[in-house]
Amino acid sequence: MNMKLDRRSFLRVTSIAGGGFILSSVVPGALAEGSKAEAAVTSAELNAFIKVSSDGKITIYSANAEMGQGIKTTLPMIIAEELGARWEDVEVLQSPVNQELFGLQMAGGSTTVPRTWNQMRQMGASAREMFISAGSLVMELPREELKTQNSMVTHESGRSMTFGQLASLAAKQAVPDVETLEFKSREDYTIIGTSISGVDNLVIVTGTALFGIDTRVPDMLYAAYHKCPAIGGTVVSANIEEIKALPGIVDAFIVEGNDDPTELLDGIAIVGTNTFAVFDAKSKLKVKWDESDASTDSWTALVEQAKAKQSQRGDDEIVDKGDVRAAFANPDTTTIEAFYEYPFVAHLCMEPMNCTAHYKKGKGLLDDDTLEMWVPTQGPGRALSIADSMFGLGKDQVTVHQMRLGGSFGRRVYKEYIAEVIEISKRMEAPVKLTWTREDDIRHDFFRSGGFQSVKGAVDKQGKLVAFENHFFGMQHDGKPVSGSRFGANEFPILNIENAYASKTMFEIDIPCGPWRAPGSNTNAFVVQGFLDELAHAGGRDYLDFLLELMGEPRWFDEGNVRSLNTGRAAGVIKRAAKEAGWGRQMPTGRGLGLAFYLSHAGHIAEVAEVSVDANKKLTVHQVTVAVDVGPIINRSGAISQVQGAVIDGLSTMMAQKITFEKGRVQQSNFHDYPVLRMPDAPRVDVHFIESDYSPTGLGEPALPPLAPAVANAIFAASGHRVRKMPLVEEGYTM
Amino acid sequence: MPSYQMTVNGVDQEIEAEPNMPLLWVLRDLLGLVGTKFGCGIAQCGACTVHIDDIPMPACSVTVAAVAGRSVRTIEGLADGAQLHPLQKEWIAQDVAQCGYCQSGQLMSAAALLKRNPNPTDDDIDDAMAGSYCRCGTYIRIRSAIHSAASQMAANYVNAAEKKV
Ligand code: FES
Ligand code: FES
């Protein structure tokens, strides 16, 4: 192996025996001579980002967790585009877990695409320049006259050489300086913007092992883990001997946790020869719990507390701008108030939480303990960190295999299922696959937090919004707001109007909460876009005009910050959705259109829902028209699929999903009492992209928040009934 | 432990298991056929759908004892050797899957539908597929892929018939 290193570009080229080219990325700081990254790069081709072998095969390693958001296809498309590869020549493999080499291998918050857009382009363009240099040497043509396309270096004379032919020589070229790289312009794209079928699709449709739950290793045992239904309860005693005597059971034991739901809670581990044996034994467990320190949270109590304070301002001020009181008192304004409510919801990943671990005891001194794990996680680095913090295993003792995720939606940023299986495998000194039952998965989730908002607003004689006030009721744990339980001072429309006031009251809870597809946005959108529609009606206005008037002149609210509201982008998607949906057309009785806009995760998205409501409150959502501005679209097929999925997910959640808890116990347990939208109820989804020139941003989350208010506003248009509470089944609606 | 005979994807199998062990875990844990997925365990989600004597059934809720002597087909046996089933081809062509976890069950439900109704309407598809949840919301593409596979199968049938003539 011969290695060349260019320290400015942080890219490293390597040639491989038999002729071939590898370009890998190295983070600054990891470059110190003899550092681990250095060793890893030279040790195995697996650590490369791009490999071109002499037979012309191009392998691109995808470092991020695939959970259905399409990232394993999208990022390689960007590299292949800049390289000038033919997609048919590209194979994508999941790279091993190594954050020093691959950077933050973390998917979530729709941040992967924006974070890596330039990095991927640099990688592809650097390789392209090296192939052009090689081509120029061999063909004896000036490099300025050469370009790459279809996995070849070509010249206008018609002469060309394939990447395969040039791979060895390309590997001997200097890595170009990042500053000198020029990226392709959008008109020249042949891969970005097209529809590429997911790289794992063949494996998926043939049922080949792929997901964490499919892991099988020699001599593997199967485990279940049973925790206290009231979060934080500890084990006093259990019928362990009875359980051990059941068929297929190898062992059962009490695990003492550390009282941290994100790490390891007390529970009973049951280990056996197959999943059924351990699930069956689990159902026969009799446990005495000590619940003196367990959660006593009650949803009904939270509802009562919020309702009691709904006409007051909150404990803490969020923003005070202009003079809302004067605006409300002005006799020329119309003022309305409303109380909105939304429940806790679960992630309900189709693949329940699971993990496989093999803890091997070392023989001491120079023979350390080792750990190998097969983990379905959004952030494999967390498996490393928990192995270190809880089990004292350094990175060189741990191997992590990143598995595909059967859904995540924010759930698999947590690592407690990893800690549980490490603990069990360590006790058993054997490879163990831990599988949660669906009941475990629903009851021991990190929920999307529920909450309440008491809102007030005023419109003037022209029906223009002049004041907005909100009392936000959120959830906190140990004095810190839980994920997504926030209402910010820059929440739309606060920045757009003169008089605004927001305050909050936070309730302390123990039920664990966590990020859930578009955290915060998925509930704030429902309230704000629903209430603004109410205000438009109060002012005798059409909501489309009202919303566009609020947006005003095209501008950024925070110049240079693509995550802030750009009123021009907002107006663009609002107008587009309205036009495509035929906004303003005459509707038959009982049928209506509802519009909503929301900005989240830098995605400006507007949706129009077309809904019918019959006399028995039976709903039909006929169609949802979506206009999206997330910049250029990379994989059109994946992008459309994300939008369709977000709409269906949003409707599914809005329709019937609600987690309640009393005495700290979650009361739902499986699909029968926590239903998912079924195929017959899925609306048509019509997707339109405005491909602005801003850097592309993620699409896993932002299409979800506008759905609920669009449907709620459509229900009002169809029936005159204002929906201020989710899920809709609690308001008497069915599908 | 009792033992049971069955055919799985055309191969005779002798299974030693507790009589109440669901077929799902026989397939996944004893035979290593992990394409059939666990979603709920209570016949609610359809992730575990397999064919038992050509009828789509939730493998999580059928015991090994009840399957004795019968013929089981799983996602691993949907293709005809290297020749993918038209549904599998359409699933790839239309990029149906998101996370992909529910798709084995979706494909098996769809294959059973096309077997008994080669030319289904939207309503027929909705009825047949209503028991298969997709948490990622891929229903729109599933519906469209089933239609395309159905017309492809009809065309193949016509071609084959014409060749014979
Ligand atoms: S696992 Fe069998 S129907 Fe859900
Ligand atoms: S593709 Fe994820 S559950 Fe269907």
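Per chain, numbering begins at 1; letters A, B, ... match sequence-line order. Source: prediction; values computed, not measured.
- With chain B as the partner, the residue from N670(A), N274(A), I204(A) showing the most heavy-atom pairs under 4.5 Å is N670(A).
- The side-chain heavy atoms of H672(A) and I42(B), taken from C-beta on, include a pair separated by under 4.5 Å.
- In terms of heavy-atom pairs under 4.5 angstrom with chain B, the leader among I213(A), T73(A), L651(A) is I213(A).
- Contact count versus chain B (heavy atoms, under 4.5 Å) is highest, among I640(A), N201(A), T275(A), I648(A), for T275(A).
- For a residue to count as touching a neighbouring chain, one of its non-hydrogen atoms must lie under 4.5 Å from one of that chain's; by this rule A79(B) does not touch chain A.
- Looking only at side-chain heavy atoms (C-beta outward), R135(B) and D649(A) come within less than 4.5 Å of each other.
- Both the backbone and the side chain of T206(A) come within contact range of chain B, judged by heavy atoms closer than 4.5 Å.
- Interface summary for chain B: among S197(A), S195(A), S652(A), G70(A), the most heavy-atom pairs under 4.5 angstrom belong to S197(A).
- Contact check for Y222(A) versus V271(A): no side-chain heavy atoms found under the 4.5 Å cut-off.
- If you measure heavy-atom distances from Q103(B) to chain A, the contacts under 4.5 Å come from the side chain alone.
- Heavy atoms closer than 4.5 Å to chain B are found in both the backbone and the side chain of F671(A).
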Inset, instruction - Apply salt bridge (Lys or Arg N to Asp or Glu O under 4.0 Å) to the pair K282(A) and E439(A), showing each step before the final yes or no. - result: CA-CA 11 Å; K282(A) 187 174 186 290; E439(A) 289 76 9; over 6 Å; no
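- Ranking P675(A), S641(A), G248(A) against chain B, the residue ahead of the rest is S641(A), based on heavy-atom pairs under 4.5 Å.
- Heavy atoms of V685(A) lying under 4.5 Å from chain B belong to its backbone as well as its side chain.
- For the pair W25(B) and L30(B), the minimum side-chain heavy-atom distance is 4.5 Å or more.
- Using a 4.5 Å cut-off between heavy atoms, Q88(B) touches chain A through backbone and side chain atoms alike.
- Between M67(A) and R412(A), every side-chain heavy-atom pair lies at or beyond the 4.5 Å cut-off.
- Annotation: maximal heavy-atom pairing with chain A below 4.5 Å, among P22(B), G41(B), A17(B), occurs at P22(B).
- For chain B, the nearby part of T435(A) is the side chain; its heavy atoms alone come within less than 4.5 Å.
- Annotation: maximal heavy-atom pairing with chain B below 4.5 Å, among P683(A), A646(A), G645(A), occurs at G645(A).
- Considering only heavy atoms from C-beta on, I146(B) comes within 4.5 Å of M129(B) through its side chain.
- Contact annotation: the side chain of V676(A) approaches that of Q657(A) to within less than 4.5 Å [non-hydrogen atoms, C-beta and beyond].
- If you measure heavy-atom distances from N20(B) to chain A, the contacts under 4.5 Å come from both the backbone and the side chain.
- Ring geometry for Y417(A) versus W436(A): interplanar angle over 60°, hence perpendicular rather than tilted (30 to 60°).
- For chain B, the nearby part of L405(A) is the backbone; its heavy atoms alone come within less than 4.5 Å.
- Of the two parts of L84(B), only the side chain, counted from C-beta on, holds a non-hydrogen atom closer than 4.5 Å to a non-hydrogen atom of chain A.
- For chain B, the nearby part of I196(A) is the backbone; its heavy atoms alone come within less than 4.5 Å.
- Ion pairing between D441(A) and R411(A) fails under the 4.0 Å rule for side-chain N and carboxylate O.
- Between F279(A) and F38(B), the distance from one ring center to the other falls under 6.0 angstrom.
- Counting heavy atoms from C-beta outward, I75(B) and L33(B) have side chains that stay 4.5 Å or more apart.
- For I92(B), the parts lying near chain A are the backbone and the side chain together; criterion is any non-hydrogen pair under 4.5 Å.
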